[in-house]
*Asks:* 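To start, I am sharing the structure in question, which I have written as structure tokens.
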Amino acid sequence: MKTKASAMVSFTLLAGLLAACSSNGTSSNLGVSEESPTTGNQVESAVNFTVPVLPDDEEAFKAAYESFSKEHPNIKVEFISFPANQYYEKLRIQLSAGVEYDLFGGVLDSMIDTGIIEPLDELIKQHGTDVSGFGEMYEGMKVNGQSYGLPYRKSNWMLYYNKDIFNQLNVPYPSEDLTWDEFRGLAKQVTSGSGENKIYGAYLQQWPQTWYMQGVQSGATIIDKDLEPFKQALQFRLDLESDGSVMKWSEQIATGAHYNAAFQKGNIAMNLIGDWHVAQLRKAEDEGKISFDWDVVPVPHPEGVESNTTLALPVSLMINKNSKHKEEAYTFIEYMTGPKGAQIFASRGYLTGFINEDVKTAYLGDGSRRPEHLSYFSETKEYPEYPMLPGVKNILVNNIFKQEGELAFIGEQTPEEAVQRIAERVEKEWASIYSEQFKVGQ
């Protein structure tokens with residue numbers, strides 16, 4: 001009975017998705033060529049695309065398309081989306097059911113295992129696409145040496161700090177070229193008080209990225225066979241806890257602490273978190289919830305690593321390998337992810353995958369809002385938070401690194417034991433499944 005019920009639920013969900021697709025007209029014009037009347041007796045071939053994009057990005061895509069359509073009037077695009085927490089599930093279901101989206105947006109590692117994504121290398125070469133604006137991210141996103149998507153936006157990490165706390169203690173603000181050891185010393189220096197009146201030198205959210213960041217900054221990845229760089233990174237978090245300059249992991253869990261509320265409370269000197277926190281703090285200012293002065297500097301870096309080397313998570317546009325209009329699909333991708341599209345996205349507050357001086361200017365706006373040094377976000381050297389391969393986010397980040405790190409934080413194993421366990425589990429739970437299909441680590 002359970003099998004029959006499960007099958008019926010799956011069939012109902014699939015039928016509902018396909019019916020919805022048909023009812024809003026998207027299935028009838030996916031990648032369809034039409035004859036568009038021009039002048040006299042001439043006709044010009046038009047291509048119609050229906051493009052799924054993440055819901056938070058849909059309005060920005062529509063704005064960029066207004067500009068794109070003036071240069072490419074015969075490429076017609078309609079954007080659709082699904083609820084954020086169901087986006088990839090619904091997109092994958094529709095693609096597997098034969099809905100022929102020619103291109104779509106999303107995080108590469110959530111789609112690469114479908115086998116439906118077209119490598120872009122030949123199209124990039126044919127078009128002479130300038131990929132220099134993507135920086136290190138362009139190479140970092142490659143899967144088995146090939147590019148399967150180009151990023152139209154990204155998220156990266158920065159160090160936020162409460163200027164009022166530093167001013168009150170007469171301590172210089174964090175430097176833009178701060179090593180992790182210097183960060184530790186500074187966090188101890190600005191930690192004071194106890195109980196409800198305690199000022200913490202820093203806040204590290206309970207995500208594994210906040211501790212394994214140091215290893216990635218050094219050029220390692222979390223799927224490498226040699227995970228030695230992550231021992232020191234894990235020990236560093238424990239050292240900060242021993243100093244009393246960050247809230248213990250166990251206390252964070254027990255109290256339900258969260259980086260946004262913690263920093264807005266005004267008793268956190270430095271907060272290590274991503275670019276999206278800018279919008280959260282600006283909203284709090286608009287609502288009168290915070291009044292302290294704040295700014296950003298690049299995240300701390302290991303000794304010998306370039307300043308403003310950070311982690312980033314790219315969000316890309318990809319082409320369906322079954323598309324009959326790959327040339328037109330790539331023309332759209334090249335525009336949206338390149339300098340013209342990036343300027344439009346940047347002007348709407350997006351941190352774009354492609355960066356040049358014009359894009360920086362659009363991103364910075366008129367400079368009337370905090371942070372004063374917003375420009376640091378667009379001047380980073382970046383490594384992906386994790387390799388853009390299937391299962392890495394869910395199996396490694398959300399489970400293996402999270403679980404073994406937590407056991408170290410509560411004293412049930414040493415950092416050395418934790419990293420050894422991580423290496424064993426990565427091999428067993430991830431590499432044994434994907435190593436034949438994808439190039440696995442160093």
Side-chain angles (χ1 to χ4, degrees), residues 13-14 17-22 24-34 45-55 57-58 61-62 64-65 68-69 72 74-82 84 86-127 129 131 138 141-153 314-338 341 353 388-391 437-438:
L13 175 59
L14 179 57
L17 286 170
L18 293 175
C21 187
S22 177
N24 65 23
T26 60
S27 64
S28 63
N29 63 356
L30 296 179
V32 172
S33 292
E34 297 177 349
S45 180
V47 175
N48 296 324
F49 290 140
T50 297
V51 182
V53 295
L54 290 160
D57 302 338
E58 190 171 356
F61 269 113
K62 289 178 179 178
Y65 174 66
F68 170 84
S69 63
H72 304 280
N74 293 306
I75 300 178
K76 311 292 184 182
V77 180
E78 178 186 354
F79 299 100
I80 63 168
S81 193
F82 314 113
Q86 300 175 1
Y87 179 80
Y88 294 105
E89 177 188 5
K90 291 195 172 187
L91 178 57
R92 290 170 67 101
I93 288 174
Q94 289 196 0
L95 289 169
S96 66
V99 179
E100 296 180 352
Y101 295 124
D102 292 80
L103 65 160
F104 41 84
V107 179
L108 182 60
D109 65 289
S110 294
M111 299 301 297
I112 190 68
D113 63 321
T114 62
I116 205 169
I117 305 175
E118 175 76 7
L120 300 181
D121 304 82
E122 195 60 35
L123 287 163
I124 290 170
K125 182 179 178 180
Q126 290 173 3
H127 281 244
T129 305
V131 298
Y138 177 70
M141 286 179 59
K142 286 187 175 181
V143 177
N144 291 349
Q146 291 184 297
S147 297
Y148 284 88
L150 291 178
Y152 62 90
R153 70 169 173 90
V315 186
S316 303
L317 285 170
M318 297 158 268
I319 294 178
N320 187 333
K321 71 176 184 181
N322 298 316
S323 171
K324 298 179 178 63
H325 303 283
K326 292 172 185 171
E327 181 67 29
E328 293 87 349
Y330 184 76
T331 296
F332 176 80
I333 288 180
E334 185 180 37
Y335 188 97
M336 291 291 162
T337 63
M388 298 286 100
L389 298 176
Q437 185 179 1
F438 299 102

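The first residue of the sequence shown is numbered 1, and numbering continues consecutively from there.
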*Asks:* Is the shortest side-chain heavy-atom distance between Ile112 and Met388 below 4.5 Å?
*Replies:*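 They are not in contact (no side-chain heavy atoms under 4.5 Å apart), so the answer is no.
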*Asks:* Give a yes or no on whether the backbone of Met318 and the side-chain of Ser316 come within a donor-acceptor separation of less than 3.5 Å.
*Replies:*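 Between the backbone of Met318 and the side chain of Ser316 there is no qualifying donor-acceptor contact (under 3.5 Å).
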*Asks:* Quick check for you: to the nearest 0.5 Å, what is the distance between Ile319 atom CD1 and Tyr330 atom OH?
*Replies:*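 Ile319 CD1 to Tyr330 OH: 8.0 Å, rounded to 0.5 Å.
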*Asks:* For the side chain of Lys326 and the backbone of Lys321, is there at least one donor-acceptor N/O pair under 3.5 Å apart?
*Replies:*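 Present.
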*Asks:* For residues Leu91 and Gly105, report the shortest heavy-atom separation together with the two atoms involved.
*Replies:*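 Here Leu91 and Gly105 meet closest at CD2-O, 4.3 Å.
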*Asks:* Between atom OG of Ser69 and atom CD1 of Ile75, what is the distance when rounded to the nearest 0.5 Å?
*Replies:*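 Output value for this atom pair is 10.5 Å.
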*Asks:* Would Glu328 and His72 satisfy side chain to side chain contact (heavy atoms under 4.5 Å, CB included), going step by step from the backbone distance to the final call?
*Replies:* CA-CA 9 Å; Glu328 293 87 349; His72 304 280; over 6 Å; no
*Asks:* Is any side-chain heavy atom of Asp57 closer than 4.5 Å to a side-chain heavy atom of Arg153?
*Replies:*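 Yes, side chains in contact.
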*Asks:* Would Lys90 and Gln86 count as a side chain to side chain contact (heavy atoms under 4.5 Å, CB included) here? Give the steps.
*Replies:* CA-CA 6 Å; Lys90 291 195 172 187; Gln86 300 175 1; 2.9 Å; yes
*Asks:* Sub-3.5 Å donor-acceptor pair from the side chain of Tyr101 to the main-chain atoms of Leu95, do we have one?
*Replies:*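 Not a single qualifying donor-acceptor pair exists.
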*Asks:* With side chains defined as the heavy atoms from C-beta onward, is the minimum distance between Tyr148 and Met141 less than 4.5 Å?
*Replies:*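 In short, these two side chains do not touch, never coming nearer than 4.5 Å.
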*Asks:* Can you find a heavy atom in the side chain of Glu78 that is under 4.5 Å from one in the side chain of Val51?
*Replies:*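 A side-chain contact under 4.5 Å is absent here.
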*Asks:* Atom CG of Asp121 and atom OG1 of Thr129: how far apart are they, to the nearest 0.5 Å?
*Replies:*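 If we round to the nearest 0.5 Å, Asp121:CG and Thr129:OG1 are 11.0 Å apart.
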*Asks:* Who passes side chain to side chain contact (heavy atoms under 4.5 Å, CB included) against Thr337, sequence neighbours left out?
*Replies:*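 Thr337: side chain to side chain contact (heavy atoms under 4.5 Å, CB included) contacts with Phe134, Leu150, Tyr152, Leu317, Ile333.
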*Asks:* Mind checking whether Phe332 and Phe49 have ring centres under 6.0 Å apart?
*Replies:*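 No, the ring of Phe332 stays outside the 6.0 Å limit from the ring of Phe49, centre to centre.
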*Asks:* Which heavy-atom pair separates Ser110 from Arg92 by the least distance, and what is that distance?
*Replies:*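 Reported closest heavy-atom pair: O-NH1, 2.8 Å.
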*Asks:* Using a 4.5 Å cut-off on heavy atoms from C-beta on, say whether the side chain of Asn320 contacts that of Ile117.
*Replies:*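 Side chain of Ile117 against side chain of Asn320, heavy atoms only: no contact under 4.5 Å found.
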*Asks:* Can you tell me which residue pairs pass the ring pair (Phe, Tyr, Trp, His ring centres under 6.0 Å) test with a partner in residues 106-126, sequence neighbours excluded?
*Replies:*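 Not a single pair qualifies under ring pair (Phe, Tyr, Trp, His ring centres under 6.0 Å).
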*Asks:* Measure the NZ-CG distance between Lys142 and Leu108 for me, rounded to the nearest 0.5 Å.
*Replies:*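 Between atom NZ of Lys142 and atom CG of Leu108 there are 13.0 Å.
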*Asks:* Could you verify whether a donor N or O on one side chain and an acceptor N or O on the other, from Glu58 and Ser81, lie under 3.5 Å apart?
*Replies:*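 No pair is found: no donor N or O on one side chain lies under 3.5 Å from an acceptor on the other.
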*Asks:* Using atom types as modelled and distance alone, determine if a side-chain donor or acceptor of Tyr138 lies under 3.5 Å from a backbone N or O of Ser147.
*Replies:*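 No.
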*Asks:* Does a side-chain heavy-atom distance below 4.5 Å link Ile93 with Val99?
*Replies:*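 Of all side-chain heavy-atom pairs linking Val99 with Ile93, none is under 4.5 Å.
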*Asks:* Is it true that the side chains of Glu327 and His127 contain a donor and an acceptor less than 3.5 Å apart?
*Replies:*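 Per modelled atom types, Glu327 and His127 side chains form a pair under 3.5 Å.
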*Asks:* So, taking the atom named CG in Asn48 and the one named CG in Asp102, what distance separates them when rounded to the nearest 0.5 Å?
*Replies:*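 With rounding to 0.5 Å, CG (Asn48) is 10.0 Å from CG (Asp102).
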*Asks:* Has the side chain of Ser323 got a donor or acceptor atom that lies under 3.5 Å from a matching backbone atom of His325?
*Replies:*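 Yes: the side chain of Ser323 pairs with the backbone of His325.
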*Asks:* Are Thr50 and Phe79 packed together at the side-chain level, in the sense that at least one heavy-atom pair is separated by less than 4.5 angstrom?
*Replies:*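 They are not in contact (no side-chain heavy atoms under 4.5 Å apart), so the answer is no.
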*Asks:* Test your reading of the model: is there a side-chain donor-acceptor pair from Tyr87 to the backbone of Pro52, 3.5 Å cut-off?
*Replies:*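 Looks like yes, one N/O pair under 3.5 Å.
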*Asks:* Is there side-chain contact between Met111 and Thr114, with heavy atoms separated by less than 4.5 Å?
*Replies:*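 Met111 vs Thr114: side chains touch.
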*Asks:* Minimum heavy-atom separation for Tyr65 and Val77, please, with both atom names.
*Replies:*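 Minimum heavy-atom separation between Tyr65 and Val77: OH-N, 3.2 Å.
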